[in-house]
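As a basis for the values below, the full set of heavy atoms in this structure was taken, side chains included, without hydrogen atoms, waters or symmetry mates.
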Amino acid sequence: MAKDLQNQKNLIFLPVAHHSPVCAYRVEKAMRQTEFDTLFIELPQEAQNLLEAVTDKRTRLPVSLLFREGDNEAVLPLAEYSPEYVALKTASELGKKIVCIDSARFFMEGECSAQFDGQSAFNAVSAIENFTFAAYDSPDFFEIFSAFAEKLDVAPTDRDAYMAGLIQNTPCKCGIVVAGALHCANIKRAAASTLQNGWTGKSYVIPYVPEGGLVARYGYYAALLKRLQSSSEPFTSAAADCLLKQSEKVTKDYPFEHIPVTDVINTLTHMSVLADLRGKRFAGYEEICESAQSVIAKGEIRSVREHCLKQVLNGVPQGELAPGFATPLAEDFLRQLKKFAIRGEADSRITLQILENPAHRTKSAFLKRVYSLIGEKFAEMESGADYVAGKDVNKVREVWKVRGTASAITALTYVSHLGATVAEAAQNKLFQSLEETEISASSALTDTYMQAYFLKLDSRPAFEKLSESVLHVNDFAEAVSAISNLVFLIDLKKVFEGKRFENDVKIAELLYGKALRLLAGLWQTDDGEKCAFALSKLNNVVRTADYLDGESLATAVACAPSYAQPCLYGCASAIAAKGKNEILPKIKRYILSQTSAADAADYFLGCAIGDRGLITERRLLEIAAEFVERMSLPEFLDAAPSLRYAFSFLKLTERNSARKIIGEIYGEDAPVFFTDENLLLKDEYLARQLELYGLRGGTDER
């Protein structure tokens with residue numbers, strides 16, 4: 001097959017190791033010295049329409065080819081030192097025909113792994129990579145390389161047969177084949193085949209090499225950085241200085257040339273070898289100079305245009321696509337940056353006065369749309385109000401930190417199926433989230449509704465589903481969370497728009513009515529603490545929203561039965577009380593009449609949840625102390641977590657005030673409520689109970 005295929009096609013094989021600067025240099029030299037009409041390259045056929053973008057002079061590497069089909073995807077990175085990229089660029093400059101002979105199908109998860117079966121194939125690939133260093137200066141580089149690959153004797157695969165078939169079926173007078181060394185060896189002897197059930201996905205160019213890509217695996221940069229940064233040998237810093245000087249000299253004498261990373265690694269290796277030959281434990285300055293002179297300043301300065309050492313030490317830069325070759329979504333993103341006068345440089349900052357400036361709110365909505373699509377890949381908010389999450393709502397301006405446009409374009413490429421513009425993609429993602437949300441999840445639906453408002457998207461679908469959820473919500477805490485978010489949104493709309501939206505008010509009233517009906521059936525719930533927090537939250541919301549009937553809630557909590565779950569009953573008691581003079585006697589009667597210390601403590605906890613100011617009252621502390629003194633040690637261990645948790649709601653000044661009162665009554669060191677650290681250390685049960693509440697021992701804790 002090898003003889004027939006080569007004679008019939010007059011093929012020249014240039015076997016390479018992927019991402020090898022040595023191979024890239026040799027490929028360019030061979031192509032410029034050879035008469036040929038067609039380049040057969042080991043790239044997926046699906047990348048054929050991407051070649052113009054890759055070889056455009058305005059495209060700055062590294063870039064990657066992204067192939068997506070359903071849930072499967074594959075990424076093929078290309079750097080300036082990739083032989084495939086150098087072959088493409090050279091053939092393009094020479095005006096030659098380019099034929100991609102691989103298929104993205106073989107790169108997909110599951111397909112690719114089948115081509116490398118076990119340790120033997122991995123060892124073969126490693127051997128080929130290492131071989132390129134030794135054969136760098138040989139004039140018979142590809143012949144030696146090809147013979148070496150054939151000796152590895154890796155069996156041909158379906159992929160090899162597929163590539164051989166494409167080469168055989170493509171008319172040409174003289175062709176050059178640039179492919180992996182093992183593939184070249186197998187293409188020559190493989191029986192041609194036709195791929196069945198081909199790949200039907202989409203292909204893109206993205207402007208950087210993702211983490212975990214093949215370049216990272218081959219690790220030329222990683223190898224250099226590891227040697228320079230983690231080595232404990234004394235010549236390390238001197239080596240770096242020497243190589244930097246050599247880099248500067250070459251750059252000055254040959255403005256368009258740089259030190260290949262391979263040369264740098266070879267120099268560092270050469271130093272150690274010289275030291276070993278001379279019987280030295282470590283390489284010294286003499287070895288550094290001789291190695292740099294031998295490896296870097298050799299006869300052939302001409303090489304692949306590689307990043308110089310100074311750039312390498314700063315990490316792999318991000319690439320950049322030529323204008324017009326990004327996906328429609330990414331192109332719209334770039335247009336919006338110009339429209340809003342947003343600089344895309346990494347580490348730049350954007351400050352927005354969202355309360356004072358409507359234009360800034362529009363710009364904020366754009367940034368939030370991008371964030372909803374790709375997270376912090378472009379920019380993240382360093383400071384400002386997160387209204388949806390309810391965090392830092394007192395802040396009146398936003399500060400965004402930009403990470404750069406290259407990573408944003410890459411990330412947007414992955415979500416280009418959502419739409420052609422940032423607004424369309426963000427809207428469709430919102431719709432997807434809406435469809436996936438259960439109809440009874442009113443709190444999540446409210447979040448989506450809020451997000452649509454702040455992203456300036458169509459919020460009607462979210463509002464309609466939220467309206468319907470009122471009929472389906474069956475959880476009290478869920479309903480309260482939705483009411484709280486909706487009331488907050490109504491208040492913000494009034495600030496931003498200058499008016500209150502009655503449709504939102506109507507839904508809030510419906511949710512409120514549903515919450516009250518759910519509350520009536522919760523008095524004996526098992527999760528009293530959760531419901532107590534929700535009840536307290538609802539009470540606070542009703543106080544701020546004049547359109548919610550506060551009397552209805554007052555009636556509901558006043559009707560709470562004494563047999564109700566203690567924590568929930570305590571919260572209801574605190575909310576229903578018209579003053580401390582009314583609630584304190586009730587608390588005393590309840591906790592002193594309970595046979596279960598744990599129930600009494602839960603009731604005390606519920607009171608604190610309903611009104612934390614209660615537990616700073618001297619009379620209440622006296623009641624609690626009397627309650628504690630009546631307990632046996634086992635009862636105290638059962639009650640202590642709830643008691644301690646109640647005090648954790650106090651602010652520092654309030655906690656100090658409570659300590660002072662306790663000290664006046666029982667002595668400065670009295671561990672009545674603030675559990676003694678020694679007791680915690682001795683009793684694992686209490687320690688576990690407090691850990692359950694997220695608390696630790698010690699008198700300085702809550």
Margin query: Let's go through Y453 and L492 carefully: what are the C-alpha distance in whole Å and the side-chain angles of both, what is the deciding distance for side chain to side chain contact (heavy atoms under 4.5 Å, CB included) to 0.1 Å, and is it a yes or a no?
Written below: CA-CA 10 Å; Y453 175 75; L492 284 175; 5.5 Å; no
Checklist line | Steps toward side chain to side chain contact (heavy atoms under 4.5 Å, CB included) verdict (F340, T362) | finding: CA-CA 9 Å; F340 289 114; T362 303; 3.9 Å; yes
Note to self: Let's go through S481 and K537 carefully: what are the C-alpha distance in whole Å and the side-chain angles of both, what is the deciding distance for side chain to side chain contact (heavy atoms under 4.5 Å, CB included) to 0.1 Å, and is it a yes or a no?
What the structure shows: CA-CA 8 Å; S481 180; K537 186 175 186 179; 4.2 Å; yes
Next item on the list: Would you check, one step at a time, whether the test side chain to side chain contact (heavy atoms under 4.5 Å, CB included) holds for L535 with C531?
Entry: CA-CA 6 Å; L535 178 58; C531 293; over 6 Å; no
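The salt bridge (Lys or Arg N to Asp or Glu O under 4.0 Å) test applied to E380 returns R403, not counting sequence neighbours. Listed by chain and residue number, K530 satisfy the salt bridge (Lys or Arg N to Asp or Glu O under 4.0 Å) test with D475 (two or more places apart in sequence, or in another chain). Residues forming a side chain to side chain donor-acceptor pair (under 3.5 Å) with T437 (at least two apart in sequence, or on another chain): none. In terms of the side chain to side chain donor-acceptor pair (under 3.5 Å) criterion, D526 has no residue partners (sequence neighbours excluded). Taking T446 as the reference, nothing meets the side chain to side chain donor-acceptor pair (under 3.5 Å) condition, with sequence neighbours excluded. Not a single salt bridge (Lys or Arg N to Asp or Glu O under 4.0 Å) links K506 to another residue, sequence neighbours left out.
At a threshold of 4.5 Å between non-hydrogen side-chain atoms, the residues L337 and F366 count as touching. Under the 4.5 Å side-chain criterion, counting only non-hydrogen atoms from C-beta, I575 is not in contact with D611. The side-chain heavy atoms of E509 and V505, taken from C-beta on, include a pair separated by under 4.5 Å. Side chains of V541 and V480 form no contact here, defined as non-hydrogen atoms less than 4.5 Å apart.
Using cut-offs of 30° and 60° for the angle between ring planes, the Y387 and F488 rings count as tilted.
One distance of note links OG of S467 with CG of L445; it measures 10.0 Å at 0.5 Å rounding. A distance of 12.0 Å separates CD in E69 from NZ in K202, rounded to the nearest 0.5 Å.
For the residue pair S573 and Y603, a side-chain donor N or O sits within less than 3.5 Å of a side-chain acceptor on the partner. S469 and S442 share no donor-acceptor pair across their side chains, judged by distance under 3.5 Å alone.
Comment: E464 does not engage R460 in a salt bridge, judged by the lack of any side-chain N to carboxylate O separation of less than 4.0 angstrom.
The shortest non-hydrogen separation linking A532 to I609 is O-CG2, 3.7 Å. The shortest non-hydrogen separation linking L553 to V542 is CD2-CG2, 4.1 Å. When all heavy atoms of V402 and G344 are compared, the closest pair comes out as CG1-O, 3.8 Å. Closest of all the heavy-atom pairs between S383 and K395 is OG-NZ, 3.5 Å. Contact detail for A330 and I409: the closest heavy-atom pair is CB-CG2, 3.9 Å. Pairing each heavy atom of V557 with each of W523, the nearest pair is CA-CH2, 4.5 Å.
In this structure, the side chain of S407 engages the main chain of K377 through a donor-acceptor pair within 3.5 Å. A donor-acceptor pair under 3.5 Å links the side-chain atoms of K514 to the main chain of V470, judged by distance alone. For the pair K465 (side chain) and I439 (backbone), a donor-acceptor distance under 3.5 Å is absent.
Pairs of residues two or more places apart, or lying in two chains, that qualify as salt bridge (Lys or Arg N to Asp or Glu O under 4.0 Å) and include a residue from residues 362-374 are K368-E398. Listed by first then second residue, pairs satisfying salt bridge (Lys or Arg N to Asp or Glu O under 4.0 Å) with a partner in residues 545-554 read R500-D546, not counting sequence neighbours. Screening residues 482-498 for salt bridge (Lys or Arg N to Asp or Glu O under 4.0 Å), with sequence neighbours left out, gives K493-D504.
The local environment of CD in Q432 is crowded, with over 12 non-hydrogen atoms from other residues, nucleotides or ligands closer than 6.0 Å. Annotation: R397, atom CZ; neighbour count of heavy atoms from other residues, nucleotides and ligands within 6.0 Å does not exceed 12.
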Mind listing the side-chain donor-acceptor pairs of residues 346-355 below 3.5 Å, one per line with the distance, residues two or more places apart or on another chain?
from	atom 1	to	atom 2	distance (Å)
S348	OG	E345	O	2.7
R349	NE	E382	OE1	2.9
R349	NH1	D347	O	3.3
R349	NH2	E382	OE2	2.8

Can you give me every donor-acceptor pair (side chain of residues 562-572, partner residue at least two apart or in another chain, under 3.5 Å) with its distance?
from	atom 1	to	atom 2	distance (Å)
Q565	OE1	C567	N	2.8
Q565	OE1	L568	N	3.1

Ignoring hydrogens and angles, write down the donor-acceptor pairs under 3.5 Å from the side chains of residues 418-431, residues two or more places apart or on other chains.
from	atom 1	to	atom 2	distance (Å)
T421	OG1	E424	N	3.0
E424	OE1	A420	N	3.0
Q427	OE1	D458	N	2.7
Q427	NE2	D458	O	3.2
N428	ND2	L418	O	2.4
N428	ND2	E424	O	3.3
K429	NZ	S372	O	2.5

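Ring centroids of F333 and F378 are separated by less than 6.0 Å, placing the two rings close together.
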